[in-house]
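Numbering starts at 1 and runs along the sequence shown.
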Amino acid sequence: MAVDYLSALNSKGSGLNITQIVDSLVEAEIAPQQDALNKKIEEKNTAISALGELISELSALKNDLSTLEGSQKYAPTSATTSIGISVTDNAKADTFTSDVRVTSLATAQTLEFTGFAGPTATIHEGSFAIRFGTWDNAETSFTANGTTASLTVSSSNATLAGLASSLDAISGINAKVVAKGDASNTYSLIVQSELGEDNAIQFDTTVSNANGTHSLAVFDNADTPNDNAALQVVAAGDATLIVDGVTVNRETNSINDLFDGYTLDLSSTTTGTSAFRVSSAIDTDTAIAAVKSLVSTINTTRGVFSEYIDRDETNTGVLSSDPVAKTISKKLRALTVGGITGYGSSSLYLAELGVQTNRDGTLSLNETTLKDRLALDATSTDTPKPSAVFDAIFNSGASSDSPFLKVLTSNFATATPGSYAWVGNSSPPTIEGVDASTVTDTTLGTGYLSAGTNTPGVKVFPSTTVNSANIFIGKSLMDQMTEYIDGVIASSGDLESRRTTLSNDVSDFDVELFDLESKLENARTRYMSQFSAMESSVTSLKSTGEYLTNMIDSWNSEN
(Lines give C-alpha, C1' and ligand atoms only; values in the text may rest on other atoms or scores of the structure.)
Protein backbone atom coordinates (compact mmCIF):
# COMPACT_ATOMS: atom_id res chain seq x y z
CA MET A 1 0.00 0.00 0.00
CA ALA A 2 1.31 3.45 -0.94
CA VAL A 3 2.36 5.70 1.97
CA ASP A 4 0.21 8.84 2.08
CA TYR A 5 2.62 11.42 3.49
CA LEU A 6 0.26 14.27 2.66
CA SER A 7 -2.55 12.83 4.85
CA ALA A 8 -0.11 11.82 7.55
CA LEU A 9 1.28 15.34 7.84
CA ASN A 10 -2.12 16.96 7.62
CA SER A 11 -3.91 15.24 10.56
CA LYS A 12 -6.77 17.69 10.32
CA GLY A 13 -7.51 16.78 6.67
CA SER A 14 -9.96 14.31 5.18
CA GLY A 15 -8.13 11.26 6.48
CA LEU A 16 -8.25 9.66 3.03
CA ASN A 17 -5.18 7.91 1.46
CA ILE A 18 -4.72 10.49 -1.30
CA THR A 19 -1.67 8.84 -2.90
CA GLN A 20 -3.43 5.51 -3.21
CA ILE A 21 -6.55 7.14 -4.65
CA VAL A 22 -4.48 9.10 -7.21
CA ASP A 23 -2.56 5.95 -8.25
CA SER A 24 -5.84 4.10 -8.74
CA LEU A 25 -7.36 6.91 -10.78
CA VAL A 26 -4.24 7.22 -12.98
CA GLU A 27 -4.13 3.47 -13.54
CA ALA A 28 -7.83 3.38 -14.41
CA GLU A 29 -7.31 6.14 -16.96
CA ILE A 30 -4.01 5.10 -18.59
CA ALA A 31 -3.57 1.34 -18.05
CA PRO A 32 -6.25 0.21 -20.57
CA GLN A 33 -4.55 2.25 -23.27
CA GLN A 34 -1.14 0.82 -22.35
CA ASP A 35 -2.50 -2.73 -22.36
CA ALA A 36 -4.10 -2.21 -25.75
CA LEU A 37 -0.87 -0.85 -27.22
CA ASN A 38 1.25 -3.62 -25.70
CA LYS A 39 -1.15 -6.21 -27.11
CA LYS A 40 -0.90 -4.65 -30.57
CA ILE A 41 2.90 -4.60 -30.34
CA GLU A 42 2.96 -8.26 -29.35
CA GLU A 43 0.62 -9.18 -32.21
CA LYS A 44 2.70 -7.23 -34.73
CA ASN A 45 5.98 -8.77 -33.52
CA THR A 46 4.45 -12.24 -33.70
CA ALA A 47 3.28 -11.54 -37.24
CA ILE A 48 6.75 -10.24 -38.21
CA SER A 49 8.29 -13.45 -36.89
CA ALA A 50 5.73 -15.56 -38.76
CA LEU A 51 6.41 -13.72 -42.00
CA GLY A 52 10.10 -14.49 -41.50
CA GLU A 53 9.18 -18.16 -41.18
CA LEU A 54 7.25 -17.96 -44.46
CA ILE A 55 10.26 -16.39 -46.18
CA SER A 56 12.46 -19.23 -44.91
CA GLU A 57 9.94 -21.83 -46.04
CA LEU A 58 9.61 -20.31 -49.51
CA SER A 59 13.40 -20.23 -49.82
CA ALA A 60 13.47 -23.92 -48.91
CA LEU A 61 10.73 -24.61 -51.46
CA LYS A 62 12.73 -22.80 -54.12
CA ASN A 63 15.79 -24.93 -53.34
CA ASP A 64 13.71 -28.11 -53.53
CA LEU A 65 12.25 -27.03 -56.87
CA SER A 66 15.74 -26.37 -58.24
CA THR A 67 16.66 -30.01 -57.58
CA LEU A 68 13.51 -31.18 -59.39
CA GLU A 69 13.84 -28.79 -62.33
CA GLY A 70 15.00 -30.67 -65.41
CA SER A 71 13.62 -34.01 -64.17
CA GLN A 72 13.50 -36.50 -67.02
CA LYS A 73 11.00 -39.08 -68.07
CA TYR A 74 13.47 -40.70 -70.47
CA ALA A 75 16.30 -43.14 -69.74
CA PRO A 76 18.82 -43.04 -72.61
CA THR A 77 21.27 -45.96 -72.86
CA SER A 78 24.32 -46.83 -74.93
CA ALA A 79 25.77 -50.28 -75.51
CA THR A 80 29.33 -48.91 -75.57
CA THR A 81 31.35 -46.63 -73.33
CA SER A 82 32.71 -44.96 -76.48
CA ILE A 83 29.36 -43.21 -76.94
CA GLY A 84 27.76 -41.37 -74.06
CA ILE A 85 24.19 -40.13 -74.43
CA SER A 86 22.17 -37.69 -72.33
CA VAL A 87 18.90 -35.77 -72.54
CA THR A 88 19.61 -32.09 -73.14
CA ASP A 89 16.17 -30.85 -74.24
CA ASN A 90 13.22 -32.65 -72.68
CA ALA A 91 10.78 -30.68 -74.81
CA LYS A 92 12.19 -32.27 -77.98
CA ALA A 93 13.29 -35.70 -76.72
CA ASP A 94 11.34 -38.79 -77.74
CA THR A 95 11.80 -42.54 -77.61
CA PHE A 96 14.15 -43.92 -80.29
CA THR A 97 16.48 -46.77 -81.17
CA SER A 98 19.51 -46.45 -83.44
CA ASP A 99 22.71 -48.33 -84.32
CA VAL A 100 25.86 -46.20 -84.28
CA ARG A 101 29.52 -46.80 -85.07
CA VAL A 102 32.28 -44.22 -84.52
CA THR A 103 35.11 -44.47 -87.04
CA SER A 104 36.97 -41.27 -86.11
CA LEU A 105 36.89 -38.53 -83.51
CA ALA A 106 36.95 -34.80 -84.18
CA THR A 107 40.46 -33.45 -83.67
CA ALA A 108 42.09 -30.03 -83.44
CA GLN A 109 45.04 -29.12 -85.60
CA THR A 110 48.18 -29.00 -83.43
CA LEU A 111 51.28 -27.11 -84.54
CA GLU A 112 54.60 -27.31 -82.67
CA PHE A 113 57.25 -24.60 -82.98
CA THR A 114 60.31 -25.91 -81.13
CA GLY A 115 63.94 -25.14 -80.34
CA PHE A 116 63.51 -22.19 -77.96
CA ALA A 117 65.70 -21.64 -74.91
CA GLY A 118 62.81 -20.52 -72.73
CA PRO A 119 59.63 -18.44 -72.46
CA THR A 120 61.66 -15.22 -72.59
CA ALA A 121 63.36 -16.10 -75.87
CA THR A 122 63.06 -13.04 -78.14
CA ILE A 123 61.53 -13.08 -81.62
CA HIS A 124 61.43 -10.65 -84.52
CA GLU A 125 58.81 -7.95 -84.57
CA GLY A 126 56.32 -7.97 -87.41
CA SER A 127 52.83 -9.30 -88.15
CA PHE A 128 50.77 -12.49 -88.57
CA ALA A 129 48.07 -12.81 -91.22
CA ILE A 130 45.90 -15.66 -89.96
CA ARG A 131 43.37 -17.66 -91.97
CA PHE A 132 41.12 -20.50 -90.91
CA GLY A 133 40.06 -23.34 -93.17
CA THR A 134 40.99 -26.83 -94.34
CA TRP A 135 44.32 -28.50 -95.12
CA ASP A 136 44.21 -31.36 -97.61
CA ASN A 137 45.30 -34.84 -96.62
CA ALA A 138 48.83 -34.19 -97.89
CA GLU A 139 49.01 -31.12 -95.64
CA THR A 140 50.24 -29.01 -98.56
CA SER A 141 47.12 -27.27 -99.86
CA PHE A 142 44.94 -24.93 -97.80
CA THR A 143 41.34 -23.87 -98.52
CA ALA A 144 40.23 -20.83 -96.51
CA ASN A 145 36.74 -20.71 -95.02
CA GLY A 146 36.57 -16.90 -94.98
CA THR A 147 37.39 -16.37 -91.29
CA THR A 148 40.55 -14.35 -90.72
CA ALA A 149 42.49 -12.68 -87.93
CA SER A 150 45.67 -10.67 -87.56
CA LEU A 151 48.35 -10.18 -84.94
CA THR A 152 51.05 -7.55 -84.47
CA VAL A 153 54.32 -8.52 -82.76
CA SER A 154 55.93 -5.46 -81.18
CA SER A 155 58.28 -4.70 -78.32
CA SER A 156 55.46 -5.45 -75.86
CA ASN A 157 55.02 -9.09 -76.90
CA ALA A 158 58.17 -10.04 -78.84
CA THR A 159 58.97 -13.03 -76.64
CA LEU A 160 57.84 -16.63 -76.90
CA ALA A 161 55.53 -16.22 -73.89
CA GLY A 162 54.24 -12.87 -75.19
CA LEU A 163 53.44 -14.37 -78.58
CA ALA A 164 51.68 -17.34 -76.94
CA SER A 165 49.51 -14.98 -74.88
CA SER A 166 48.61 -12.86 -77.93
CA LEU A 167 47.74 -15.91 -80.04
CA ASP A 168 45.67 -17.44 -77.24
CA ALA A 169 43.55 -14.28 -77.10
CA ILE A 170 42.39 -14.84 -80.70
CA SER A 171 39.08 -16.68 -81.11
CA GLY A 172 39.65 -20.15 -82.58
CA ILE A 173 43.26 -20.46 -81.34
CA ASN A 174 44.69 -21.97 -78.17
CA ALA A 175 48.41 -21.41 -77.51
CA LYS A 176 50.83 -22.19 -74.69
CA VAL A 177 54.57 -22.56 -74.01
CA VAL A 178 55.64 -26.07 -72.96
CA ALA A 179 58.97 -27.28 -71.53
CA LYS A 180 60.09 -30.29 -73.58
CA GLY A 181 62.03 -31.86 -70.73
CA ASP A 182 64.71 -33.08 -73.12
CA ALA A 183 68.48 -33.14 -72.60
CA SER A 184 68.83 -29.69 -74.14
CA ASN A 185 66.10 -28.23 -71.90
CA THR A 186 64.30 -26.66 -74.86
CA TYR A 187 60.83 -25.15 -75.01
CA SER A 188 58.08 -25.35 -77.63
CA LEU A 189 55.16 -23.12 -78.58
CA ILE A 190 52.09 -25.34 -79.00
CA VAL A 191 49.25 -23.89 -81.09
CA GLN A 192 45.89 -25.64 -81.43
CA SER A 193 42.80 -24.88 -83.48
CA GLU A 194 39.22 -25.60 -82.49
CA LEU A 195 37.92 -29.11 -83.22
CA GLY A 196 36.91 -29.84 -86.78
CA GLU A 197 38.45 -30.21 -90.22
CA ASP A 198 37.36 -26.74 -91.34
CA ASN A 199 38.92 -24.94 -88.35
CA ALA A 200 42.61 -25.49 -89.17
CA ILE A 201 45.06 -22.56 -89.09
CA GLN A 202 47.42 -20.98 -91.60
CA PHE A 203 50.04 -18.40 -90.51
CA ASP A 204 51.61 -16.01 -93.00
CA THR A 205 54.23 -13.85 -91.26
CA THR A 206 55.96 -10.60 -92.23
CA VAL A 207 59.09 -9.24 -90.49
CA SER A 208 59.32 -5.52 -89.70
CA ASN A 209 62.21 -5.56 -87.21
CA ALA A 210 64.79 -8.37 -87.03
CA ASN A 211 66.25 -7.52 -83.62
CA GLY A 212 65.01 -10.71 -81.96
CA THR A 213 66.86 -14.01 -81.67
CA HIS A 214 64.26 -16.02 -83.62
CA SER A 215 62.82 -15.14 -87.01
CA LEU A 216 59.08 -14.85 -87.54
CA ALA A 217 59.58 -17.22 -90.45
CA VAL A 218 59.76 -20.00 -87.84
CA PHE A 219 56.00 -19.60 -87.37
CA ASP A 220 55.08 -19.41 -91.07
CA ASN A 221 53.24 -22.46 -92.41
CA ALA A 222 52.05 -20.78 -95.62
CA ASP A 223 55.10 -19.96 -97.74
CA THR A 224 55.96 -23.40 -99.09
CA PRO A 225 53.82 -26.52 -99.55
CA ASN A 226 55.88 -28.40 -96.99
CA ASP A 227 55.82 -25.78 -94.22
CA ASN A 228 52.60 -27.05 -92.66
CA ALA A 229 53.60 -30.69 -92.90
CA ALA A 230 56.84 -29.93 -91.06
CA LEU A 231 55.08 -28.09 -88.21
CA GLN A 232 51.83 -30.02 -87.85
CA VAL A 233 51.80 -32.83 -85.31
CA VAL A 234 48.03 -33.46 -85.36
CA ALA A 235 45.75 -32.72 -88.32
CA ALA A 236 42.34 -31.11 -87.84
CA GLY A 237 39.57 -33.58 -88.53
CA ASP A 238 35.85 -34.19 -88.20
CA ALA A 239 34.19 -36.92 -86.22
CA THR A 240 32.81 -39.62 -88.50
CA LEU A 241 29.90 -41.80 -87.47
CA ILE A 242 27.84 -44.42 -89.24
CA VAL A 243 24.27 -44.02 -88.00
CA ASP A 244 21.91 -46.76 -89.13
CA GLY A 245 24.17 -47.33 -92.13
CA VAL A 246 24.47 -43.64 -93.07
CA THR A 247 27.86 -41.93 -92.75
CA VAL A 248 27.73 -38.49 -91.08
CA ASN A 249 30.50 -36.04 -90.17
CA ARG A 250 30.57 -33.47 -87.37
CA GLU A 251 33.28 -31.03 -86.31
CA THR A 252 32.75 -31.77 -82.62
CA ASN A 253 32.69 -34.81 -80.36
CA SER A 254 29.63 -33.51 -78.54
CA ILE A 255 26.85 -33.90 -81.08
CA ASN A 256 23.36 -32.56 -80.38
CA ASP A 257 21.71 -32.60 -83.80
CA LEU A 258 21.47 -36.31 -84.61
CA PHE A 259 18.63 -37.17 -82.23
CA ASP A 260 16.32 -34.32 -81.20
CA GLY A 261 16.68 -33.51 -77.53
CA TYR A 262 19.75 -35.70 -77.01
CA THR A 263 23.51 -35.16 -77.05
CA LEU A 264 26.02 -37.83 -78.02
CA ASP A 265 29.44 -37.50 -76.39
CA LEU A 266 32.13 -39.41 -78.24
CA SER A 267 35.15 -40.49 -76.19
CA SER A 268 36.81 -42.97 -78.56
CA THR A 269 36.27 -44.84 -81.79
CA THR A 270 34.27 -48.05 -81.53
CA THR A 271 36.04 -51.36 -82.00
CA GLY A 272 35.51 -53.59 -84.99
CA THR A 273 32.94 -53.11 -87.74
CA SER A 274 29.82 -53.71 -85.68
CA ALA A 275 27.46 -50.90 -84.69
CA PHE A 276 26.35 -50.37 -81.13
CA ARG A 277 22.76 -49.84 -80.03
CA VAL A 278 21.86 -46.36 -78.72
CA SER A 279 18.30 -45.89 -77.50
CA SER A 280 15.97 -44.11 -75.14
CA ALA A 281 12.69 -45.10 -73.53
CA ILE A 282 10.34 -43.65 -70.94
CA ASP A 283 11.44 -44.48 -67.41
CA THR A 284 8.19 -44.70 -65.48
CA ASP A 285 9.84 -45.23 -62.08
CA THR A 286 11.99 -42.09 -62.45
CA ALA A 287 8.98 -40.05 -63.57
CA ILE A 288 6.88 -41.24 -60.61
CA ALA A 289 9.70 -40.44 -58.18
CA ALA A 290 9.98 -36.90 -59.56
CA VAL A 291 6.23 -36.22 -59.29
CA LYS A 292 6.06 -37.71 -55.78
CA SER A 293 8.93 -35.47 -54.68
CA LEU A 294 7.12 -32.46 -56.12
CA VAL A 295 3.89 -33.35 -54.31
CA SER A 296 5.77 -33.86 -51.04
CA THR A 297 7.66 -30.56 -51.15
CA ILE A 298 4.54 -28.57 -52.07
CA ASN A 299 2.61 -30.23 -49.22
CA THR A 300 5.37 -29.29 -46.78
CA THR A 301 5.07 -25.64 -47.74
CA ARG A 302 1.27 -25.87 -47.66
CA GLY A 303 1.51 -27.19 -44.07
CA VAL A 304 3.61 -24.22 -42.95
CA PHE A 305 1.22 -21.73 -44.55
CA SER A 306 -1.76 -23.57 -43.04
CA GLU A 307 -0.30 -23.22 -39.55
CA TYR A 308 -0.10 -19.45 -39.91
CA ILE A 309 -3.11 -18.45 -42.03
CA ASP A 310 -5.87 -21.01 -41.42
CA ARG A 311 -8.72 -20.19 -39.06
CA ASP A 312 -11.18 -22.72 -37.61
CA GLU A 313 -12.99 -23.50 -34.37
CA THR A 314 -9.81 -24.77 -32.70
CA ASN A 315 -7.09 -22.60 -34.20
CA THR A 316 -6.58 -19.06 -35.38
CA GLY A 317 -3.32 -18.59 -37.24
CA VAL A 318 -1.32 -15.50 -36.39
CA LEU A 319 -1.51 -14.45 -40.04
CA SER A 320 -5.12 -15.45 -40.61
CA SER A 321 -6.03 -11.82 -41.27
CA ASP A 322 -2.83 -10.90 -43.12
CA PRO A 323 -3.68 -10.05 -46.74
CA VAL A 324 -0.17 -10.65 -48.11
CA ALA A 325 0.31 -14.12 -46.62
CA LYS A 326 -3.15 -15.20 -47.77
CA THR A 327 -2.55 -13.85 -51.29
CA ILE A 328 0.73 -15.76 -51.61
CA SER A 329 -0.90 -18.97 -50.43
CA LYS A 330 -3.68 -18.58 -52.98
CA LYS A 331 -1.20 -17.84 -55.77
CA LEU A 332 0.88 -20.94 -55.03
CA ARG A 333 -2.25 -23.04 -55.08
CA ALA A 334 -3.41 -21.41 -58.32
CA LEU A 335 -0.08 -22.29 -59.95
CA THR A 336 -0.48 -25.97 -59.07
CA VAL A 337 -4.04 -26.23 -60.37
CA GLY A 338 -3.87 -23.77 -63.27
CA GLY A 339 -3.16 -24.47 -66.93
CA ILE A 340 0.37 -24.32 -68.37
CA THR A 341 0.67 -22.90 -71.88
CA GLY A 342 3.36 -23.24 -74.53
CA TYR A 343 3.43 -27.03 -74.85
CA GLY A 344 0.92 -27.39 -77.64
CA SER A 345 -2.31 -25.82 -78.75
CA SER A 346 -4.05 -26.59 -75.42
CA SER A 347 -3.15 -25.82 -71.83
CA LEU A 348 -1.78 -28.70 -69.76
CA TYR A 349 -2.55 -29.44 -66.11
CA LEU A 350 -0.81 -31.15 -63.21
CA ALA A 351 -4.02 -33.11 -62.68
CA GLU A 352 -3.40 -34.92 -65.99
CA LEU A 353 -0.49 -36.70 -64.29
CA GLY A 354 -2.78 -37.94 -61.53
CA VAL A 355 -2.03 -35.17 -59.03
CA GLN A 356 -5.22 -34.45 -57.09
CA THR A 357 -6.04 -31.56 -54.75
CA ASN A 358 -7.51 -32.78 -51.48
CA ARG A 359 -10.19 -30.97 -49.45
CA ASP A 360 -7.59 -29.63 -47.03
CA GLY A 361 -5.57 -28.11 -49.89
CA THR A 362 -2.82 -30.74 -49.91
CA LEU A 363 -1.88 -32.72 -53.02
CA SER A 364 -1.83 -36.47 -53.59
CA LEU A 365 -0.66 -38.62 -56.51
CA ASN A 366 -2.58 -41.38 -58.26
CA GLU A 367 0.33 -43.41 -59.63
CA THR A 368 -1.91 -45.47 -61.92
CA THR A 369 -3.08 -42.33 -63.71
CA LEU A 370 0.52 -41.18 -64.17
CA LYS A 371 1.62 -44.56 -65.57
CA ASP A 372 -1.35 -44.65 -67.95
CA ARG A 373 -0.57 -41.13 -69.17
CA LEU A 374 3.06 -41.96 -69.93
CA ALA A 375 2.07 -45.21 -71.65
CA LEU A 376 -0.08 -43.31 -74.17
CA ASP A 377 3.09 -42.12 -75.94
CA ALA A 378 3.68 -45.59 -77.41
CA THR A 379 0.63 -45.46 -79.69
CA SER A 380 -0.08 -41.72 -79.94
CA THR A 381 0.62 -39.73 -83.10
CA ASP A 382 -0.24 -36.44 -81.45
CA THR A 383 2.11 -33.47 -81.42
CA PRO A 384 3.04 -32.89 -78.67
CA LYS A 385 2.97 -36.35 -77.13
CA PRO A 386 0.59 -37.11 -74.23
CA SER A 387 3.57 -37.13 -71.85
CA ALA A 388 4.32 -33.50 -72.74
CA VAL A 389 2.46 -32.59 -69.56
CA PHE A 390 5.42 -34.03 -67.62
CA ASP A 391 7.74 -31.59 -69.40
CA ALA A 392 5.28 -28.77 -68.78
CA ILE A 393 5.79 -29.42 -65.07
CA PHE A 394 9.57 -29.82 -64.99
CA ASN A 395 11.15 -28.47 -68.18
CA SER A 396 10.87 -25.16 -69.99
CA GLY A 397 11.46 -25.35 -73.71
CA ALA A 398 10.58 -24.37 -77.26
CA SER A 399 9.13 -26.64 -79.93
CA SER A 400 6.91 -26.77 -83.00
CA ASP A 401 4.11 -28.92 -84.33
CA SER A 402 6.22 -29.32 -87.50
CA PRO A 403 9.09 -31.84 -87.30
CA PHE A 404 10.96 -29.70 -89.85
CA LEU A 405 11.28 -26.63 -87.62
CA LYS A 406 13.88 -26.39 -84.87
CA VAL A 407 13.06 -23.65 -82.36
CA LEU A 408 15.65 -22.07 -80.07
CA THR A 409 15.27 -19.41 -77.38
CA SER A 410 17.81 -16.87 -76.14
CA ASN A 411 19.43 -16.68 -72.72
CA PHE A 412 19.36 -12.88 -72.98
CA ALA A 413 15.70 -12.28 -73.83
CA THR A 414 12.54 -13.65 -72.27
CA ALA A 415 9.77 -14.80 -74.58
CA THR A 416 6.18 -14.94 -73.36
CA PRO A 417 4.89 -18.52 -73.03
CA GLY A 418 2.28 -19.43 -75.61
CA SER A 419 1.62 -20.54 -79.19
CA TYR A 420 2.73 -18.41 -82.14
CA ALA A 421 2.24 -18.68 -85.88
CA TRP A 422 5.07 -19.42 -88.32
CA VAL A 423 4.47 -18.50 -91.95
CA GLY A 424 7.31 -19.77 -94.11
CA ASN A 425 6.01 -19.15 -97.63
CA SER A 426 6.48 -15.40 -97.38
CA SER A 427 9.67 -13.45 -97.97
CA PRO A 428 10.93 -13.11 -95.35
CA PRO A 429 9.08 -15.65 -93.20
CA THR A 430 7.03 -14.24 -90.34
CA ILE A 431 6.92 -15.20 -86.68
CA GLU A 432 4.02 -13.89 -84.64
CA GLY A 433 2.90 -12.02 -87.78
CA VAL A 434 6.12 -9.96 -87.93
CA ASP A 435 8.87 -10.24 -90.56
CA ALA A 436 11.84 -12.19 -89.21
CA SER A 437 15.51 -11.42 -89.92
CA THR A 438 17.97 -13.97 -91.29
CA VAL A 439 20.55 -15.62 -89.00
CA THR A 440 23.05 -18.39 -89.62
CA ASP A 441 24.33 -21.25 -87.49
CA THR A 442 27.38 -23.36 -88.34
CA THR A 443 25.43 -26.55 -87.60
CA LEU A 444 21.79 -25.68 -88.32
CA GLY A 445 22.36 -23.46 -91.34
CA THR A 446 20.06 -20.56 -92.20
CA GLY A 447 17.44 -19.58 -89.69
CA TYR A 448 15.19 -16.68 -88.75
CA LEU A 449 15.18 -14.41 -85.71
CA SER A 450 11.84 -13.19 -84.45
CA ALA A 451 11.09 -9.48 -84.21
CA GLY A 452 7.75 -10.10 -82.48
CA THR A 453 6.87 -8.40 -79.21
CA ASN A 454 6.17 -11.67 -77.39
CA THR A 455 8.96 -13.75 -78.94
CA PRO A 456 12.21 -11.77 -78.56
CA GLY A 457 15.32 -13.88 -79.12
CA VAL A 458 13.38 -16.79 -80.62
CA LYS A 459 15.11 -18.40 -83.61
CA VAL A 460 13.55 -20.86 -86.04
CA PHE A 461 15.66 -23.12 -88.29
CA PRO A 462 13.67 -24.93 -91.02
CA SER A 463 15.22 -28.08 -92.50
CA THR A 464 12.89 -27.70 -95.48
CA THR A 465 10.23 -25.24 -96.56
CA VAL A 466 7.35 -25.18 -94.08
CA ASN A 467 4.50 -22.99 -95.31
CA SER A 468 2.74 -22.71 -91.98
CA ALA A 469 3.09 -24.15 -88.50
CA ASN A 470 2.86 -23.26 -84.84
CA ILE A 471 5.81 -22.69 -82.56
CA PHE A 472 5.43 -23.17 -78.85
CA ILE A 473 7.26 -21.35 -76.06
CA GLY A 474 6.74 -23.10 -72.73
CA LYS A 475 7.64 -22.04 -69.20
CA SER A 476 7.49 -25.00 -66.83
CA LEU A 477 5.60 -25.04 -63.54
CA MET A 478 9.00 -25.25 -61.80
CA ASP A 479 10.17 -22.04 -63.47
CA GLN A 480 6.84 -20.28 -62.87
CA MET A 481 6.91 -21.11 -59.15
CA THR A 482 10.60 -20.22 -58.81
CA GLU A 483 10.05 -16.89 -60.57
CA TYR A 484 7.10 -16.08 -58.31
CA ILE A 485 8.99 -17.06 -55.14
CA ASP A 486 11.97 -14.93 -56.19
CA GLY A 487 9.64 -11.96 -56.48
CA VAL A 488 7.88 -12.30 -53.12
CA ILE A 489 11.00 -13.05 -51.02
CA ALA A 490 13.19 -10.39 -52.63
CA SER A 491 14.30 -7.44 -50.50
CA SER A 492 11.71 -5.34 -52.33
CA GLY A 493 9.16 -8.17 -52.50
CA ASP A 494 5.73 -8.45 -50.92
CA LEU A 495 6.82 -10.29 -47.78
CA GLU A 496 9.68 -7.97 -46.90
CA SER A 497 7.51 -4.96 -47.68
CA ARG A 498 4.85 -6.35 -45.36
CA ARG A 499 7.42 -6.93 -42.61
CA THR A 500 8.63 -3.36 -43.03
CA THR A 501 5.06 -2.08 -42.71
CA LEU A 502 4.51 -4.06 -39.52
CA SER A 503 7.85 -2.90 -38.08
CA ASN A 504 6.83 0.68 -38.76
CA ASP A 505 3.56 0.01 -36.94
CA VAL A 506 5.49 -1.27 -33.93
CA SER A 507 7.63 1.87 -33.96
CA ASP A 508 4.50 4.02 -34.04
CA PHE A 509 3.03 2.09 -31.09
CA ASP A 510 6.28 2.56 -29.15
CA VAL A 511 5.95 6.31 -29.70
CA GLU A 512 2.36 6.15 -28.41
CA LEU A 513 3.53 4.26 -25.32
CA PHE A 514 6.13 6.93 -24.67
CA ASP A 515 3.45 9.58 -25.03
CA LEU A 516 1.27 7.69 -22.54
CA GLU A 517 4.08 7.84 -19.99
CA SER A 518 3.98 11.62 -20.31
CA LYS A 519 0.19 11.59 -20.00
CA LEU A 520 0.50 9.41 -16.89
CA GLU A 521 2.71 11.93 -15.12
CA ASN A 522 0.45 14.78 -16.20
CA ALA A 523 -2.61 12.95 -14.89
CA ARG A 524 -0.87 12.22 -11.59
CA THR A 525 0.10 15.88 -11.21
CA ARG A 526 -3.44 16.98 -12.05
CA TYR A 527 -5.09 14.59 -9.56
CA MET A 528 -2.62 15.46 -6.79
CA SER A 529 -3.30 19.14 -7.34
CA GLN A 530 -7.04 18.53 -7.19
CA PHE A 531 -6.86 16.40 -4.04
CA SER A 532 -4.45 18.84 -2.38
CA ALA A 533 -6.98 21.58 -2.99
CA MET A 534 -9.66 19.33 -1.54
CA GLU A 535 -7.54 18.61 1.55
CA SER A 536 -6.99 22.33 2.02
CA SER A 537 -10.74 22.94 1.82
CA VAL A 538 -11.50 20.10 4.23
CA THR A 539 -8.88 21.40 6.67
CA SER A 540 -10.33 24.90 6.44
CA LEU A 541 -13.85 23.61 7.00
CA LYS A 542 -12.72 21.54 9.98
CA SER A 543 -10.99 24.57 11.48
CA THR A 544 -14.15 26.67 11.02
CA GLY A 545 -16.23 23.86 12.56
CA GLU A 546 -13.96 23.68 15.59
CA TYR A 547 -14.12 27.46 16.04
CA LEU A 548 -17.92 27.43 15.95
CA THR A 549 -18.10 24.45 18.30
CA ASN A 550 -15.81 26.17 20.81
CA MET A 551 -17.76 29.40 20.58
CA ILE A 552 -21.09 27.64 21.20
CA ASP A 553 -19.59 25.67 24.06
CA SER A 554 -18.42 29.02 25.56
CA TRP A 555 -21.89 30.53 25.30
CA ASN A 556 -23.45 27.51 26.94
CA SER A 557 -21.03 27.66 29.89
CA GLU A 558 -21.82 31.33 30.57
CA ASN A 559 -25.49 30.55 30.85
Looking only at heavy atoms, the pair that brings Ala164 and Leu189 closest together is CB-CD1, 3.5 Å
**Derivation and outcome, side chain to side chain donor-acceptor pair (under 3.5 Å), residues Asn228 and Gln109** = CA-CA 11 Å; Asn228 188 68; Gln109 181 191 28; 3.2 Å; yes
> Salt-bridged, Lys406 to Asp257, with N to O below 4.0 Å?
Replying inline: no
message = Run Asp391 and Lys73 through salt bridge (charged side-chain N to carboxylate O under 4.0 Å, His left out) and show every step you take.
response = CA-CA 8 Å; Asp391 297 316; Lys73 62 180 182 286; 2.4 Å; yes
Contacts satisfying salt bridge (charged side-chain N to carboxylate O under 4.0 Å, His left out) that involve residues 414-430 (not counting sequence neighbours) are none
Tyr484 meets the ring pair (Phe, Tyr, Trp, His ring centres under 6.0 Å) criterion, sequence neighbours left out, with none
Correct closest heavy-atom pair for Leu353 and Ile393 would be CD1-CG1, 3.9 Å
task = Answer yes or no: is there a donor N or O on one side and an acceptor on the other, between the side chain of His124 and the main chain of Val207, under 3.5 Å?
result = no
By ring pair (Phe, Tyr, Trp, His ring centres under 6.0 Å), Tyr262 pairs with (sequence neighbours left out) Phe96
* Asked: Charged N to carboxylate O under 4.0 angstrom, Lys180 versus Glu112?
  -> yes
Open item on the list: Tell me whether Ser293 contacts the main-chain N or O of Ala289 through its side chain, where contact means a donor paired with an acceptor under 3.5 Å.
Closed with: yes
Taking the basic N atoms (NZ, or NE/NH1/NH2) and the acidic carboxylate oxygens, is any pair closer than 4.0 Å for Asp377 and Lys385?
no
Rounded to the nearest 0.5 angstrom, the CD-OG1 distance for Glu194 and Thr107 is 12.5 Å
The ring pair (Phe, Tyr, Trp, His ring centres under 6.0 Å) partners of Tyr343 (sequence neighbours excluded) come to none
OG1 of Thr252 to CG of Leu195, rounded to nearest 0.5 Å, is 5.5 Å
Report yes or no: does Trp422 contribute a side-chain atom to a donor-acceptor pair with the main-chain N or O of Val466 at less than 3.5 Å?
yes
Note: Asn454 and Pro456 closest approach over all heavy atoms is C-CD, 3.2 Å
Review point. Salt bridge between Lys176 and Asp168, side-chain N to carboxylate O under 4.0 Å?
Key: no
* Please say whether more than 12 non-hydrogen atoms of neighbouring residues, nucleotides or ligands are located less than 6.0 Å from CG in Asp244. => yes
To the nearest 0.5 Å, atom CD of Gln356 lies from atom OG1 of Thr362 at 10.5 Å
Residues at least two apart in sequence or cross-chain that pass side-chain hydrogen bond (donor to acceptor under 3.5 Å, both in side chains) with Ser193, listed by chain then number, are none
Sequence neighbours excluded, the answer for ring pair (Phe, Tyr, Trp, His ring centres under 6.0 Å) partners of Phe461 is none
